[in-house]
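In the text below, chain A, chain B and the rest are named by the order of the sequence lines, each starting its count at 1. These values consider heavy atoms only, across backbone and side chains, with no hydrogens, waters or symmetry-generated copies.
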Amino acid sequence: MIDVSARNDALFDAGFISRLERLQLLIQRILRGKDHGLRKAHRMGSSLEFADYRNYVPGDDIRNIDWNLYGRLDRLFIRLFEAEEDLHVHLLIDCSKSMHFGNDSMKFKMELQLAAALSYIALSDLDHVRVYGFSGEALVDSGICRGKNQFHRILKFLRTLGVGSEESNFEKSIRHFVSQGKKRGLVLVMSDFFGRSGYEDGLAMLRYQGFEVEVLHVLDKEELSPTLKGDIRLQEVEGLREIEITADRKLIEAYEKHVTEFVEGLQKFCRTRGMGYLQVLAEMDFEEIILQRLRKRRVLK
Amino acid sequence: MNFLAPWGFWFLLLVPVVLLFYLFRTRPEVTQVSTLEFWQEVIKSYPTRHFFLRFRRLFSLLLNLLILGLLLFALVRPEPSGWENLPAATVVVLDGRLPMQAKREDQKNDFEVAKNKVLEIIRTATPHHQVGLIVMENQPRVLAPLSANPNTLRELLMKVSATDTNGEIQAAVKLAEQIAFSYEGESEVLVVTNTNDETIQEGNKDEGEENKNVQWVSVGYARPNLALRQFQARRLVNSPQTVEFFLTVSNFNSQPEEVDLEITWEEQLFEARSFTIPAGETRSVVIPVVLDQPLENSVSMKANMIPRRAERDFLSEDNVRFLLLQPSPPARVLLVSDGNRYLENFLKADYQVEYEYLNRESFRWEMAKLFDVVIVDGAMEGWGARDEWEDGVRILSFGLNGEGVTETKLENPVVTHVMGNHDVVRLGEFERIQIQETQVLERHLPGWSQDILVEANYEPVIMTRWKKEEEKEEVRWIQVGFKLEESDFARRVAFPVFMSQAVQWLKKEESEMTGTYLAGEWVGAGNDAQKDNVSSQKSFLKAGIYSENQNIERKIAIQPDTRQETNLSGDGQKEVFEKKEKNWTLNVLGIYPWWWILAFCGLIFSSVEWILFNRRRTE
């Protein structure tokens with residue numbers, strides 16, 4: 001077993017890894033991969049799983065003729081097997097400064113944990129996994145990994161991700177991602193979507209390119225319900241902008257209303273375009289998210 | 001402008017401290033947020049708040065400086081320059097008598113208006129201008145001699161209310177003058193009243209003392225009023241069964257008024273009369289009543305005057321009067337005589353006297369203390385040891401006795417002078433008395449006070465003598481220089497009058513009026529009830545008669561009396577406070593001292609500042 005807890009900054013412990021092995025990423029649509037994998041395809045292939053018979057027609061591979069059946073029925077039948085294909089899983093991690101909001105950058109840490117866990121699950125299924133970190137217009141990736149032995153590579157890449165120097169521009173990052181001609185597959189986007197450029201164009205582009213998109217909306221509880229009081233100068237972590245407010249109950253309620261509208265807007269956007277949406281709070285128990293919430297959302301099984 | 005506490009300016013050094021504190025305190029805490037998008041949208045939805053927030057620190061600083069300035073200004077106690085002309089001492093006489101209860105059209109009575117005027121004066125109280133307060137009730141009462149503390153004066157003034165009493169306001173003015181002019185420097189007396197009687201005001205001015213500065217501040221003006229000014233009763237001396245009621249009704253209106261007058265005897269209608277009073281005149285009514293039998297208990301009587309007019313009477317309080325008609329217990333008299341049957345029969349006929357007869361030889365001076373009056377007919381042995389009958393002995397002596405008399409004897413003297421206003425000899429025609437012989441009385445006895453009541457040939461023949469030594473009852477002595485049988489005095493009409501009045505005087509019943517009490521007078525009704533003949537005090541607890549417990553002993557106050565005028569009318573005289581207001585032009589801010597108002601404003605601003613800028617910090 002791969003020991004991912006050897007370092008102090010381990011994203012999760014070894015016991016949890018063993019539980020991850022029993023999970024599998026679910027996809028709603030058939031997304032053909034090029035290579036053989038462990039994921040059942042809805043077409044016939046060359047796996048060991050018997051699927052059906054059909055009449056022999058000339059030109060069929062005679063190695064697939066069921067000679068036993070020929071002996072009983074005196075007719076030639078070809079044995080058909082289910083195809084097992086791999087899946088291309090793209091994990092897009094928001095590395096903008098806003099993800100480092102809060103104590104100990106919990107949002108970002110949660111992102112990394114999710115990315116690591118989902119990568120491991122995908123690697124266990126022999127899926128192609130590629131992790132991207134985006135910040136501003138920059139997009140860095142881990143390269144394609146396949147098989148559990150590549151998990152260390154993923155972890156190494158995750159550790160290299162840090163705070164981006166620029167304000168996130170989600171739309172440009174996605175455009176950059178798409179323009180590289182990636183293989184269609186499952187895209188897991190982890191972000192707070194607080195960028196001023198908005199999220200609509202980026203997500204729509206992914207969907208348009210035929211990706212199956214799962215949005216993991218990572219937020220801090222303080223972002224939803226701030227505990228601010230009195231005269232405060234607010235400083236945006238992504239930029240140098242500042243404003244002064246006098247936080248009172250009324251103002252906080254107004255803020256919460258706007259944030260709720262934003263979250264509900266994103267949720268509705270995802271729902272209407274066939275994208276999955278799951279809100280993840282940085283303060284949540286990570287294992288609960290993986291083992292319960294993502295399974296409940298039918299992202300994992 | 002002067003400052004009474006200039007040391008307070010040292011606190012200006014606090015200004016930089018406040019500024020530093022303010023700058024330190026108002027530095028907002030910097031908090032990082034992941035995005036400002038939502039906050040900007042929130043601010044857009046509160047544009048006015050945002051505008052306010054932009055300048056809030058400036059507002060806050062200005063308010064803080066204003067608060068500090070106000071408190072500092074309050075601390076140094078500014079004295080407006082107009083006050084420099086004020087005298088060093090002002091003694092205010094506030095009229096608290098019954099007429100001050102007259103209500104105006106706005107339902108405020110004159111006393112409330114007068115109090116407001118006095119409050120304005122009190123506001124000017126400073127160490128350089130001290131203010132004294134005297135309230136005139138039935139007697140002048142000093143609230144504060146002279147004080148520079150307006151708060152104390154104001155608190156004292158707030159406790160005062162108009163009374164049902166009447167008194168001579170000149171007494172208060174004199175007292176105020178004594179207080180004011182005992183103070184070094186210029187001083188003045190302000191009399192705040194609604195009494196517009198010019199004779200009273202002029203009377204004070206005429207005394208012509210130097211530095212006299214008495215100003216009359218009128219808070220009243222002429223209003224139609226009818227007043228029952230007098231309700232008294234007395235027994236006729238020469239007919240003790242007869243009680244006379246005196247009533248005086250005044251019309252202060254400018255037109256004749258018809259009134260109904262009702263007198264009740266223990267709430268039973270007793271007498272009713274109607275009459276018309278010409279404009280501005282006073283009418284007296286005398287109602288004699290013969291009592292069937294002597295009074296056993298006190299009787300509560302009420303006189304009610306009901307004006308027959310459509311408009312209201314402006315001082316309805318003076319339309320009702322009360323009095324207590326008290327029984328007069330018979331005097332216990334000891335007749336010491338050797339068989340003067342005439343004198344004995346005379347005493348027997350007088351139902352106000354309970355007498356006992358005693359032979360002169362059996363008389364001992366110790367017995368005198370057991371009786372109210374001792375009548376001694378003729379000379380007595382041992383008369384000279386007057387020290388024995390000191391302490392409360394009351395003697396009426398006839399004839400020569402060797403003491404208090406001179407050697408001079410008058411044959412057939414003619415009465416040349418009678419002290420007609422004296423309680424003992426008034427109403428009697430002594431000039432007609434024929435005396436065969438009389439001994440001339442000594443004009444002066446050492447240690448005694450005396451009045452010469454009757455003189456014959458300009459020599460005293462009837463005298464009253466009395467003396468009072470420390471911790472002893474007063475000794476009274478009516479000395480008649482002749483024997484009854486040596487004159488026709490006993491057959492004259494003057495004799496029963498003389499006897500009745502002599503007994504009353506010896507009993508110390510000095511007042512000719514019986515059963516009346518002065519307005520506002522307190523009558524003991526508890527342990528002293530028997531003493532004061534108010535045993536049935538509960539029946540007196542009616543409108544206008546008040547009860548009060550004072551240290552267990554119960555007292556009853558009689559509402560209005562009678563003797564003093566209750567004139568509201570000034571015959572069109574207007575309020576004259578305007579001329580004083582010129583001196584108090586800076587009193588427009590109200591009744592409180594300057595520095596109080598400044599400090600109060602500072603506190604208000606402080607509260608506003610806290611609400612605007614700090615409340616949300618602690619929400």
Undergrad: To the nearest 0.5 Å, how far apart are CG in B:Leu36 and CD1 in A:Ile243?
TA: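 B:Leu36 CG to A:Ile243 CD1: 5.0 Å, rounded to 0.5 Å.
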Undergrad: Does B:Phe111 have any ring pair (Phe, Tyr, Trp, His ring centres under 6.0 Å) partners at least two apart in sequence or in another chain, and if so, which?
TA: none
Undergrad: Of all the heavy-atom pairs spanning A:Ser98 and B:Ser34, show the shortest one and how long it is.
TA: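 Reported closest heavy-atom pair: CB-O, 3.7 Å.
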Undergrad: Find the distance between CD (A:Glu242) and CD (B:Gln32) and round it off to the nearest 0.5 Å.
TA: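 Rounded to the nearest 0.5 Å, the CD-CD separation comes to 9.5 Å.
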Undergrad: Kindly compute the distance separating CZ (A:Arg241) from OG1 (B:Thr35), expressed to the nearest 0.5 Å.
TA: 6.0 Å
Undergrad: Which pair of heavy atoms, one from A:Glu236 and one from B:Glu37, lies closest together, and at what distance?
TA: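 In this case the closest contact between A:Glu236 and B:Glu37 is OE2-N, 4.5 Å.
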Undergrad: Considering only heavy atoms, which portion of A:Lys107 lies under 4.5 Å from any heavy atom of chain B: side chain, backbone, both, or neither?
TA: side chain
Undergrad: Report the relative orientation of the aromatic rings in A:Tyr255 and B:Trp39; use parallel for angles under 30°, tilted for 30 to 60°, perpendicular for over 60°.
TA: parallel
Undergrad: Write out, in numerical order, the residues from residues 270-278 of chain A with a heavy atom short of 4.5 Å from a heavy atom in chain B.
TA: none
